Engineer: 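Supplied in structure tokens, the structure appears directly below.
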Amino acid sequence: METRNQRLIRELLDEREEPSDTSLRAQSLRRAQADEPPRTMTPFEWEQWYAEHGVPASHRQKAAAPRRKPWWRRLLGR
């Protein structure tokens, strides 16, 4: 929604902008057409999605770094 001042400025500058579609329908269509994994689904839906598309790298767990000994064990040499 455009305010009165914004409309006056746009008219003075003779700017022509096409209104962007910010409806939920348009957003869901953009997400569906993008090559990105969805954001929220049920566990069952995630299983289906992974079976169809594979598990993206961003959803895989990284290997855990080796744990260091506590400082006091390193100090005492145990």
Side-chain angles (χ1 to χ4, degrees):
M1 190 77 178
E2 180 175 60
T3 65
R4 179 179 172 272
N5 287 339
Q6 289 172 328
R7 183 176 45 83
L8 288 173
I9 292 171
R10 183 178 46 79
E11 289 173 0
L12 287 172
L13 296 175
D14 197 31
E15 292 179 345
R16 305 217 188 295
E17 282 188 23
E18 294 199 24
S20 62
D21 189 3
T22 58
S23 67
L24 290 176
R25 182 175 187 242
Q27 290 177 16
S28 64
L29 183 60
R30 274 194 297 274
R31 272 192 233 114
Q33 291 175 338
D35 191 27
E36 298 175 0
R39 295 184 183 155
T40 57
M41 288 195 285
T42 64
F44 177 73
E45 290 171 328
W46 277 115
E47 286 177 1
Q48 280 186 318
W49 195 88
Y50 287 151
E52 293 173 9
H53 300 94
V55 180
S58 61
H59 289 208
R60 293 189 186 121
Q61 290 185 350
K62 297 176 184 172
R67 292 188 57 171
R68 288 179 44 174
K69 290 182 182 179
W71 65 269
W72 55 273
R73 285 197 181 216
R74 289 191 309 259
L75 181 66
L76 296 176
R78 295 182 183 184

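Position 1 is the first residue of the sequence, and the numbers go up from there. These numbers come from a predicted model, not from an experiment.
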Engineer: Mind checking what makes side chain to side chain donor-acceptor pair (under 3.5 Å) contact with Thr40, not counting sequence neighbours?
Structural biologist: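 Side chain to side chain donor-acceptor pair (under 3.5 Å) list for Thr40, sorted by chain: empty.
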
Engineer: Report the residues that fulfil side chain to side chain donor-acceptor pair (under 3.5 Å) with Trp46, sequence neighbours left out, ordered by chain and then residue number.
Structural biologist: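 Expected list: none.
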
Engineer: Once side chain to side chain donor-acceptor pair (under 3.5 Å) is applied, do any residues pair with Asn5, and if so which ones, sequence neighbours excluded?
Structural biologist: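 Per chain and number, Asn5 pairs via side chain to side chain donor-acceptor pair (under 3.5 Å) with no residue.
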
Engineer: Mind checking side-chain contact (heavy atoms from CB on, under 4.5 Å) for Pro66 and listing every partner two or more places apart, or none if nothing turns up?
Structural biologist: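 Pro66 satisfies side-chain contact (heavy atoms from CB on, under 4.5 Å) with no other residue.
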
Engineer: Going by the rule side-chain contact (heavy atoms from CB on, under 4.5 Å), which residues pair with Glu45 if we only count those two or more places apart in sequence or in a different chain?
Structural biologist: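 Glu45: side-chain contact (heavy atoms from CB on, under 4.5 Å) contacts with Met41, Thr42.
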
Engineer: Among residues two or more places apart or on two chains, list those pairs meeting side-chain hydrogen bond (donor to acceptor under 3.5 Å, both in side chains) that have a residue in residues 50-62.
Structural biologist: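 Qualifying pairs, neighbours excluded: Trp49-His53, Tyr50-His59.
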
Engineer: Can you sort out the partners of Arg30 under side-chain contact (heavy atoms from CB on, under 4.5 Å), two or more places apart, ordered by chain and number?
Structural biologist: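 Ala26, Gln27.
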
Engineer: With ILVMFWY side chains joined below 4.5 Å, transitively, what does Leu13's cluster contain besides itself?
Structural biologist: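 Via sub-4.5 Å side-chain contacts, Leu13 links to Ile9.
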
Engineer: If you link ILVMFWY side chains whenever their heavy atoms are less than 4.5 Å apart, which other residues fall into the same cluster as Leu12? By chain and number, please.
Structural biologist: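 Its cluster partners, ordered by chain and number, are none at all.
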
Engineer: Suppose we screen for side chain to side chain donor-acceptor pair (under 3.5 Å). Which residues come up paired with Thr3, at least two apart in sequence or across chains?
Structural biologist: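 Expected list: Gln6.
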
Engineer: Go through the structure and list residues passing side-chain contact (heavy atoms from CB on, under 4.5 Å) with Arg4, not counting sequence neighbours.
Structural biologist: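 Residues passing side-chain contact (heavy atoms from CB on, under 4.5 Å) with Arg4: Arg7, Leu8.
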
